[in-house]
Visitor: 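I have a structure I would like to understand better, so I am pasting it below and will then ask my questions one at a time.
Below, chain A is the first sequence line, B the second, and so on; all start at residue 1. Only heavy atoms go into these numbers, but all of them, side chains included; no hydrogens, no water, no symmetry mates.
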Amino acid sequence: MAYNHQEIEKKWQDRWETSGIFHAKDGSEKQKFYCLIEFPYPSGAGLHIGHPRSYTALDVVSRKRRHQGYNVLYPIGWDAFGLPTENYAIKTGRKPQDITRENTDTFRRQLKSLGLSFDWSREVNTIDPAYYKWTQWMFLEFFKAGLAYKTKQPINWCLSCKIGLANEEVINGKCERCGGNTEKRDKEQWMIAITKYADRLLEDLETVDYLEKIKTQQRNWIGKSEGAEIKFPIPLLSKEGLGEVADIEVFTTRPDTIFGATFLVVSPEVAQKWIEVGWDASESVREYIAVSLKREEMDRTAEGKEKTGVDTGVVAINPANGKEIPVWIADYVLGGYGTGAIMAVPQHDERDRAFAESFDLPIVDEPLVPFDEAVAKVGGRKKTNYKLRDWVFSRQRYWGEPIPLVHCDVCSPETGGWISVPDDQLPVVLPEVDKYEPTDTGESPLAAITDWVNTTCPICGGPARRETDTMPNWAGSSWYFLRYIDAHNDKEFASQDKLSYWMPIDLYNGGMEHTTLHLLYSRFWNKFLFDRGHVPTSEPYARRHSHGLVLAQDGTKMSKSKGNVVNPDEIVRDYGADSLRMYILFMGPFEEPVPWSLNGLIGVRRFLDKVERYVSAWDESKIPLLSKEGLGEVAGIVERSLKKISDDIESFKFNTAVSTFMSLFNEIVDNVVTREQLKKILVVLGPFAPHLANECWEKIGENGLVEEQTWPVFDARLLVQEEIEMGVQVNGKARATIQISPTADETTAKQLALAQEKVQKHLDGKEIVNVVYVPGRILNIVVK
RNA sequence: GCCGCGGUGGCGGAAUUGGUAGACGCGCAGGACUCAAAAUCCUGUAUGGGCAACCAUGUGAGGGUUCGAUUCCCUCCCGCGGCACCA
């Protein structure tokens, strides 16, 4: 390899560090640019080769913006609470705090070795009490606003993590984190009322620039549907044995089809409630309910379209036409959505039809009535439902932020005895424990530390108990971007002045897997803070992009068990950070998953060596007279290439930006460019291969850092090509090329084309019936 | 099942959004340099035919629109991602 990457990378990294050139400036007059990557979870495995994909891409954008004169904030930190560390602590008997410190040290070293232009002076860590003080403070804001509430309700319980999960964390009935089975359990949980924000989370998607697929996923997840709730009365005669059950309310998005409703279906959950209020159901009905309820969510969907159900014997009256219709129980109706009961219209709904056919229920074809008219006629009311559920916010685990509440048996009955820890007592510091094991009773290990749990009531001073649940790791990551803005402020989470200057985030990149978790939670969190007057913008992220996975060489996911993990340390050591940076951008379209290829990386390294050789051999005195003033063909090539690279950065086409660099050097390798041209090239190369660009900059005798130079302004005259090679077609088939000005007229083009032997050959003996000429693009001669 | 994205050489992928398909890189083959190797450089590399110039075919399959289609429309096949009995 031609240049010593280890030497020069160390050299320039040290220069960047001592110069503080990547520090964002507070109180600057300049226009700001806030560029954000999802801060990593510092796992024991170290940096994954996929991390640099996102980080390098945004590093390129950040660096370009600095060249363009922006005051750039490109920060970094650690999302360090979470289960893997806790589980590792249990396994090894070590403290999660110590493990985390080691892991963050590793990550920090690895990230620095890549030459990323992070502002390290603003590093944050969610496990730092100075940080989670504000996470707790924000939780109390939710609590004070009535949006955090404790309730006993069925939640998703992961059997192996022994932890309650939010809906978003359960994938096909499996735990999102460990892949283990989940079941429904009734537990007291802190909830945050994200559903109150469902409409705004949905509507405000219109105001932000996210990739369309991200918006679509969020819309689906929120799952708004507009319909009506309609009561189906139960005739007096039929009421016997029903206890307190009065009528059946259903939710439907199609009240216009109500004349076709030939039966009702209630969910097992609703049926169970009927029994609780005195319904004297038959043995077989009771059994069906019991079996359905026991089945986990997963089974209920796993059986697909095979529908089960049981007739209740109860009848209801269709309020539209007064007809008596039977009421069934079936588990294809979900207890947790709408009213837990539906009107079945087999004529218009596939599922209802399937059910009707299985159980021989009537299917009738009745005319539709206008939506509003139908609702009014049957005394229903319009209702909007969402699939989005409130956010399960407590975890019965150690390694998270303590929920800063105490319970007093005497005070504050309106909140169930729960009282905020006063601001001056924040943070509630996570106490050290001996055992991190979760308990099967579902209590956090914190519950065992009696001298921590037992405290005094902030109101009456009497005995009180601390909440022992901790927060999910989505808490700290819901607002970290705000803390970067004022990372060392010990009076506020960030000052209003700085927030006003820096927010919103101009560009945020992360994984698609966070679209319905982190991205939705943090939008909600920010909106809430906005409503409380704590942040200046309703939406935190003006633009959101996402990157594809870096796969193993064979196209599968990298995994330790398969032994196909690429270690970034080895790549940086053997081929250099610049090679890794440029290769990872070059390997494929940014949003697509791409397999890793060591040979591909080596190819990029060859290119960098070529650049280094070119610059080393560059000698101004050898510039041919003609191009001394920076004119001529080479000048155009340089100008157009750099312009294209500059544009590609804006549209996230980093792969073609890199290939344009390669083409550019292929073209100039036998020419000597002028000093001004070479300087431009090095400035544009800087964001991609910053170490080498600086080394070359120094080599040609320029002062200062590449990072201090302004982005080139492209000369419009050089961007237009005087003459291009244009294709000539005969009957739509390419037959020849001509050298022609892109603005030449048709007569000229035709003359040039007809002078071509190859064209003549295909015209021979034929009659020209048409000529299509698109200047600068194509000339097509149509013959018969 | 529904929604979204995609299918291009041996491989990763380009194609100014309707205008010479295969840029750039990898791999492979041949050559130069070398005692030799590595590195580097040069040449070639979609497929079929031909020594060659060249000819024909070609962007998952089939059809259509057009002077011209990888790009637009219709039907179908396959892959990936998301949602999944949400009434």
Visitor: Is the glycosidic torsion of B/G62 within 90° of 0, making it syn, or is it anti?
Guide: anti
Visitor: Does the pair A/R219 and A/E206 meet the rule for a salt bridge (charged side-chain N to carboxylate O under 4.0 Å, His left out), with working shown?
Guide: CA-CA 11 Å; A/R219 284 191 197 109; A/E206 304 303 325; 3.5 Å; yes
Visitor: Which nucleotide, in any strand shown, forms a Watson-Crick or G-U wobble pair with B/G10, with both distances under 3.5 Å?
Guide: B/C26
Visitor: Taking atom P in both B/A84 and B/C74, what distance in whole Å separates the two?
Guide: 29 Å
Visitor: Rounded to the Å, how far apart are A/F652 CZ and B/G13 C1'?
Guide: 20 Å
Visitor: If you look at every strand shown and take non-hydrogen atoms under 4.0 Å, does A/H762 touch a base, only sugar-phosphate, or nothing?
Guide: sugar-phosphate
Visitor: Select one nucleotide: of B/C83, B/A56, B/U20, the one nearest the side-chain heavy atoms of A/T737.
Guide: B/U20
Visitor: Between A/F665 and A/K610, is there a cation-pi geometry (under 6.0 Å to ring centre, at most 45° from the normal)?
Guide: no
Visitor: Roughly how far apart, to the nearest Å, are B/A21 and B/G58 at atom C1'?
Guide: 9 Å
Visitor: Rounded to whole angstrom units, what separation is found between the CZ atom of A/R606 and the C1' atom of B/A38?
Guide: 12 Å
Visitor: Ring centroid separation for A/H545 and A/F652, is it under 6.0 angstrom?
Guide: yes
Visitor: Do A/Y583 and A/W596 have ring centres separated by under 6.0 Å?
Guide: yes
Visitor: Between B/U45 and B/G25, how far apart are the two C1' atoms, rounded to whole Å?
Guide: 14 Å
Visitor: Using the P atom as the point on both nucleotides, what is the distance between B/A29 and B/A37, in whole Å?
Guide: 15 Å
Visitor: Quote, to the nearest angstrom, the P distance that separates B/C73 from B/G19.
Guide: 15 Å
Visitor: Which base, if any, makes a Watson-Crick or G-U wobble pair with B/U65, both distances under 3.5 Å?
Guide: none
Visitor: Nearest-Å distance, CD1 (A/I602) to P (B/G12)?
Guide: 18 Å
Visitor: Base, sugar-phosphate alone, or nothing: which one does A/V782 contact when heavy atoms must sit under 4.0 Å apart?
Guide: sugar-phosphate
Visitor: Take atom C1' in B/U70 and the same atom in B/G6, then report the distance between them in whole Å.
Guide: 13 Å
Visitor: Less than 3.5 Å between a donor and an acceptor, one on the side chain of A/K387 and one on the base of B/C83, is that the case here?
Guide: no
Visitor: Given that both distances must come in under 3.5 Å, which nucleotide forms a Watson-Crick or G-U wobble pair with B/G4?
Guide: B/C80
Visitor: Given the P atoms of B/G10 and B/G63, what is the spacing between them in whole Å?
Guide: 23 Å
